[in-house]
Undergrad: 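Pasting a structure below so you can have a look.
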Amino acid sequence: MEQPLLNRSEMIILQPSSLKESLKVLNENPDAEIMANASDLWPRIRNGEVRPKKILDISGLTNELSYVKKDGNVIKIGALVTVSQLEGESFVKEKRFSAFVDLISKFGSLQIRNVATVGGNVCAASSSEDFIPLFLALNAKVKLSSVDGERYMSVEKFLAGKRKLNRRPNEILTEISFEDPGPGYGSAFEKVGRRNMLIINLVNLAVVGKIAKGKIEDIRIAANRVKGKIPERAKTTEEFLKGKELNEETLNGAKKVFGEELILTDDMRASATYRKALLITILERLIKKIGGVQ
Ligand SMILES: Cc1cc2nc3c(=O)[nH]c(=O)nc-3n(C[C@H](O)[C@H](O)[C@H](O)COP(=O)(O)OP(=O)(O)OC[C@H]3O[C@@H](n4cnc5c(N)ncnc54)[C@H](O)[C@@H]3O)c2cc1C
């Protein structure tokens, strides 16, 4: 099963053929870097950012980890579901999940969408990953599997920092799940980069909410950066908006509160001021979209 990947490399690729075997192999090799379809990992290996000695390749476990199903009120997505696969799923076509359509339409390129997995997206744990804010706004959970069993954790708790996960070394993320918020809810997602396709986002923002008869009954907001360097919920802005009428006064108030909640820093891609202005503009647009207001 162990075979050298490159002649002059010391890298070993472990390729078990079942989830059970993968969990056993990972338990015996907790230092192995897990690899799904490598669209994030491989560029980082090539540019020297990470130098794993061992790789646990789980890309072949599609029989076990490539499902999308509804279990009661809960939508369950296997870790190896690709973005293209998700695009064809019936739940994505429901109006309340239109954020998925917004997100997928701007994700990489067709070639990238065909390989990028949702599990890999969450585990990449950076502000460049587009699914993380949406899963945060959906209150999604991850299922972590190991030889010791399974445990569930909110995506929020799972993200421990930039490229850091609350994952035990012998655990594989096997599923992401969230409750269907139900009729009356809406969702929207937007990202902005330097061009329309194949971009690393400067900002992205996801909103899930219920706005009925002009009143904001529930709202959850997440962006690729709020206070730190990884996607987070904007909970102060959510609290400000909940229970209020959707009108100009509320929107102006929310923009002010959101602006105060955002603690951003300049980096090589954009200034904090520019990112903040983009996020505030997008927030207003997405709330109006969910509320059916132009
Ligand atoms: C040209 C290009 C364009 C891109 N465009 C976008 C874009 O528009 N939006 C966006 O969000 N991303 C984009 N990406 C990034 C990347 O495609 C996504 O993050 C993708 O979802 C990663 O999935 P993967 O299966 O390739 O993960 P991999 O690269 O295999 O893994 C990513 C990370 O997660 C870990 N990992 C993977 N699966 C598991 C698991 N099941 N359990 C535990 N750890 C795991 C790996 O160890 C690694 O650290 C782009 C990448 C490229 C190269």
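Values below: all heavy atoms of this structure, side chains included; hydrogens, waters and symmetry mates excluded. All ligand and atom numbering here is 1-based and tracks the order in the structure.
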Undergrad: Please confirm whether Asp130 comes within less than 3.5 Å of ligand 1 when only nitrogen or oxygen atoms on both sides are compared.
TA: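 Among all N and O atoms of Asp130, at least one is under 3.5 Å from an N or O of ligand 1.
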
Undergrad: Any nitrogen or oxygen of Ile34, side chain or backbone, less than 3.5 Å from one on ligand 1?
TA: yes

Undergrad: Please check whether Ile172 reaches ligand 1 - meaning an N/O of the residue sits under 3.5 Å from an N/O of the ligand, judged on distance alone.
TA: no

Undergrad: Check each atom of ligand 1 against the heavy atoms of Ala38 and keep those under 4.0 Å away; list them by number with element.
TA: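 Selected atoms, number and element: 24 (P), 26 (O), 28 (P), 29 (O), 30 (O).
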
Undergrad: List ligand 1 atoms under 4.0 Å from Gly108, heavy atoms only on the residue side.
TA: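 Under 4.0 Å from Gly108, ligand 1 has these atoms: 5 (N), 7 (C), 8 (O).
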
Undergrad: Just wondering, are more than 12 heavy atoms of other shown residues or ligands nearer than 6.0 Å to NZ in Lys215?
TA: no

Undergrad: Has Glu261 got a side-chain atom pairing as donor or acceptor with Lys235's backbone, closer than 3.5 angstrom?
TA: yes

Undergrad: Show which atoms of ligand 1 fall inside a sub-4.0 Å distance from at least one heavy-atom site of Glu129.
TA: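 Counting atoms of ligand 1 from 1, those under 4.0 Å from Glu129 are 11 (O), 12 (N), 15 (C), 18 (C), 19 (O).
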
Undergrad: Does the ring centre of Phe91 sit less than 6.0 Å away from the ring centre of Phe100?
TA: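 They qualify: ring centres under 6.0 Å apart.
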
Undergrad: Can you tell which part of Gln111 has a heavy atom less than 4.0 Å from ligand 1: side chain, backbone, both or neither?
TA: neither

Undergrad: Do Ser126 and Glu129 pass the side chain to side chain donor-acceptor pair (under 3.5 Å) test, and can you show the C-alpha distance, the side-chain angles, and the key distance before you say yes or no?
TA: CA-CA 6 Å; Ser126 89; Glu129 267 51 56; 2.6 Å; yes

Undergrad: Using a plain distance cutoff, I'd like to know if Val118 has any nitrogen or oxygen under 3.5 Å from a nitrogen or oxygen of ligand 1.
TA: no

Undergrad: Counting only heavy atoms closer than 4.0 Å, does ligand 1 sit against the backbone of Ser128, its side chain, both, or neither?
TA: backbone

Undergrad: Asn121 versus ligand 1: do any nitrogen or oxygen atoms come within less than 3.5 Å of each other?
TA: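 Yes, at least one N or O pair falls under 3.5 Å.
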
Undergrad: Tell me every residue that passes salt bridge (charged side-chain N to carboxylate O under 4.0 Å, His left out) with Glu284, counting only those two or more places apart in sequence or in another chain.
TA: Lys255, Lys288

Undergrad: Dump the intermediate steps for side chain to side chain donor-acceptor pair (under 3.5 Å) on Asn139 and Arg233, then the final yes or no.
TA: CA-CA 10 Å; Asn139 280 332; Arg233 289 271 291 270; 2.8 Å; yes

Undergrad: Below 3.5 Å, N or O to N or O, backbone or side chain included: is there any such pair between Met35 and ligand 1?
TA: no

Undergrad: Below 3.5 Å, N or O to N or O, backbone or side chain included: is there any such pair between Ala36 and ligand 1?
TA: yes

Undergrad: For the pair Lys24 and Glu21, find out whether any cationic side-chain nitrogen is under 4.0 Å from an anionic carboxylate oxygen.
TA: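 Result for this pair is no, no salt bridge flagged.
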
Undergrad: Is there any N or O on Phe107 that sits under 3.5 Å from an N or O of ligand 1?
TA: no

Undergrad: Would you please test Tyr152 and Glu175 for side chain to side chain donor-acceptor pair (under 3.5 Å) and show each step?
TA: CA-CA 9 Å; Tyr152 292 82; Glu175 182 183 277; 4.5 Å; no

Undergrad: Just jot down the side-chain hydrogen bond (donor to acceptor under 3.5 Å, both in side chains) partners of Ser98, sequence neighbours excluded, or say none.
TA: none

Undergrad: Using a strict cut-off of 4.0 Å, indicate which atoms of ligand 1 neighbour a heavy atom of Lys191.
TA: 7 (C), 8 (O), 9 (N)

Undergrad: Can Ile58 be said to touch ligand 1, with heavy atoms closer than 4.0 Å?
TA: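 Right, Ile58 reaches ligand 1.
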
Undergrad: Above 12 or not: heavy atoms from other molecules or residues under 6.0 Å from NZ of Lys242?
TA: yes

Undergrad: For residues Phe258 and Leu205, determine if any side-chain heavy atom of one lies less than 4.5 Å from a side-chain heavy atom of the other.
TA: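 Answer yes - side chains close enough.
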
Undergrad: At the 4.0 Å heavy-atom cut-off, does Glu171 count as touching ligand 1?
TA: no

Undergrad: Should Arg44 be counted as touching ligand 1, given the test is an N or O pair under 3.5 Å?
TA: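 Looking only at distances, the answer is yes, because the N/O contact criterion of under 3.5 Å is met.
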
Undergrad: Given Ser145, Ser39, Ala125, Cys123, which one has a non-hydrogen atom that is nearest to atom 45 (C) of ligand 1?
TA: Cys123

